Amino acid sequence: MAMRIGESSDKEMMLREWVRRKLGSIDHEVRVAKVARMLFGLTRRWHGLAASEENLLGLAALVHDVGRAFGDDNHARVGAKMVLENERLTATERRRLAFLTQYHRGRVPEAGKEGV
């Protein structure tokens, strides 16, 4: 079962603290995660995705702007690199979250042409 808005997993709490240490405040990220989860739930009957995808979306919302710790220029690419270096995530989590961080703005590249 998916987490409800307001509930937090250990992984989410770890990422919240990691992003907070990098950015100082995570108000924006928490709002984005809440909205993303709400929209996921409202559109569930159409997209057919599982709770694991909802959890991934919530985690991605938390880390999507972490690269802003080093400025706005290329923050998505910088953030993806930061996520890839986070050793508290599994290799699969790092890869997925880095991809979603790098491509959270603009177009997603064609399969096989990703830069992460």
Side-chain angles (χ1 to χ4, degrees):
M1 181 173 184
M3 289 186 300
R4 295 175 191 214
I5 294 173
E7 291 181 7
S8 299
S9 68
D10 290 342
K11 187 71 64 168
E12 180 178 342
M13 294 306 293
M14 179 275 293
L15 284 175
R16 282 179 182 228
E17 184 55 32
W18 180 70
V19 174
R20 183 180 288 114
R21 283 194 314 269
K22 303 295 183 189
L23 297 178
S25 171
I26 60 168
D27 294 343
H28 166 71
E29 289 73 16
V30 169
R31 279 192 309 273
V32 171
K34 184 176 180 179
V35 169
R37 286 182 181 276
M38 183 175 58
L39 290 172
F40 188 98
L42 290 171
T43 60
R44 184 179 310 277
R45 64 179 159 192
W46 298 295
H47 60 62
L49 299 172
S52 59
E53 282 87 10
E54 181 179 1
N55 291 332
L56 176 62
L57 178 65
L59 297 177
L62 288 175
V63 302
H64 80 280
D65 274 346
V66 71
R68 289 190 190 272
F70 297 97
D72 287 341
D73 292 344
N74 298 314
H75 81 276
R77 184 177 304 269
V78 170
K81 288 180 183 179
M82 292 170 69
V83 169
L84 287 171
E85 294 170 357
N86 186 323
E87 295 179 358
R88 295 193 59 199
L89 297 167
T90 67
T92 299
E93 290 168 337
R94 286 193 301 267
R95 180 82 173 126
R96 289 175 176 170
L97 292 173
F99 183 92
L100 293 170
T101 298
Q102 182 161 339
Y103 298 110
H104 78 272
R105 299 186 80 170
R107 298 178 61 92
V108 173
E110 294 180 35
K113 297 185 180 184
E114 302 89 352
V116 173

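Keep in mind the model is a prediction, meaning the values are calculated, not measured.
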[X] versus [Y], closest heavy-atom pair with distance:
{"X": "Ala98", "Y": "Ala80", "result": "O-CB, 3.4 Å"}
{"X": "Phe40", "Y": "Ala50", "result": "CZ-O, 3.6 Å"}
{"X": "Ala33", "Y": "Ala61", "result": "CA-CB, 3.4 Å"}

Can you name the side chain to side chain contact (heavy atoms under 4.5 Å, CB included) partners of [X], sequence neighbours left out?
{"X": "Leu23", "result": "Val19, Glu29, Arg68, Ala69"}
{"X": "Val35", "result": "Leu39"}
{"X": "Ser25", "result": "Asp27"}
{"X": "Ala60", "result": "Leu97, Leu100"}

Subject >> Test: Glu12 and Arg16 ion pair at under 4.0 Å >> reply: yes
**OP:** Quick one: list whatever passes salt bridge (Lys or Arg N to Asp or Glu O under 4.0 Å) with Glu93, sequence neighbours left out.
**Re:**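 Glu93 satisfies salt bridge (Lys or Arg N to Asp or Glu O under 4.0 Å) with Lys11 only.
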Original post:
Taking only residues two or more places apart in sequence or in another chain, which ones pass salt bridge (Lys or Arg N to Asp or Glu O under 4.0 Å) with Arg31?
Top reply: none
Original post:
Would a hydrophobic clustering, with Ile, Leu, Val, Met, Phe, Trp and Tyr connected at side-chain separations under 4.5 Å, put Val108 with Leu57?
Top reply: no
Original post:
For Arg88, does the CZ atom sit with more than 12 other heavy atoms under 6.0 Å from it, leaving out its own atoms?
Top reply: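 Not buried by this count: 12 neighbours or fewer within 6.0 Å.
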Original post:
Excluding sequence neighbours, so at least two apart, what forms side chain to side chain donor-acceptor pair (under 3.5 Å) with His28?
Top reply: His64, Asp65
**OP:** Tell me, please, which residues at least two apart from Arg20 pass side chain to side chain donor-acceptor pair (under 3.5 Å).
**Re:**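 Here the qualifying residues are Glu17.
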With rounding to the nearest 0.5 Å, note down the distance linking [atom1] in [X] to [atom2] in [Y].
{"X": "Lys34", "Y": "Leu62", "atom1": "NZ", "atom2": "CG", "answer": "13.5 Å"}
{"X": "Leu15", "Y": "Asp10", "atom1": "CG", "atom2": "CG", "answer": "11.0 Å"}
{"X": "Trp18", "Y": "Ile26", "atom1": "CH2", "atom2": "CD1", "answer": "12.0 Å"}
{"X": "Arg94", "Y": "Glu85", "atom1": "CZ", "atom2": "CD", "answer": "10.0 Å"}
{"X": "Arg96", "Y": "Phe99", "atom1": "CZ", "atom2": "CZ", "answer": "12.0 Å"}
{"X": "Arg105", "Y": "His75", "atom1": "CZ", "atom2": "NE2", "answer": "5.5 Å"}

**OP:** Run the numbers on Val78 and Met82 for side chain to side chain contact (heavy atoms under 4.5 Å, CB included), then give the verdict.
**Re:** CA-CA 6 Å; Val78 170; Met82 292 170 69; 4.1 Å; yes
Subject >> From CA spacing to verdict: side chain to side chain contact (heavy atoms under 4.5 Å, CB included), His104, Val32 >> reply: CA-CA 12 Å; His104 78 272; Val32 171; over 6 Å; no
**OP:** Run through the side-chain heavy atoms of Ile, Leu, Val, Met, Phe, Trp and Tyr, join any pair under 4.5 Å, and report what else lands in Trp46's cluster.
**Re:**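 For Trp46, no cluster forms, as it stays isolated from other hydrophobic side chains.
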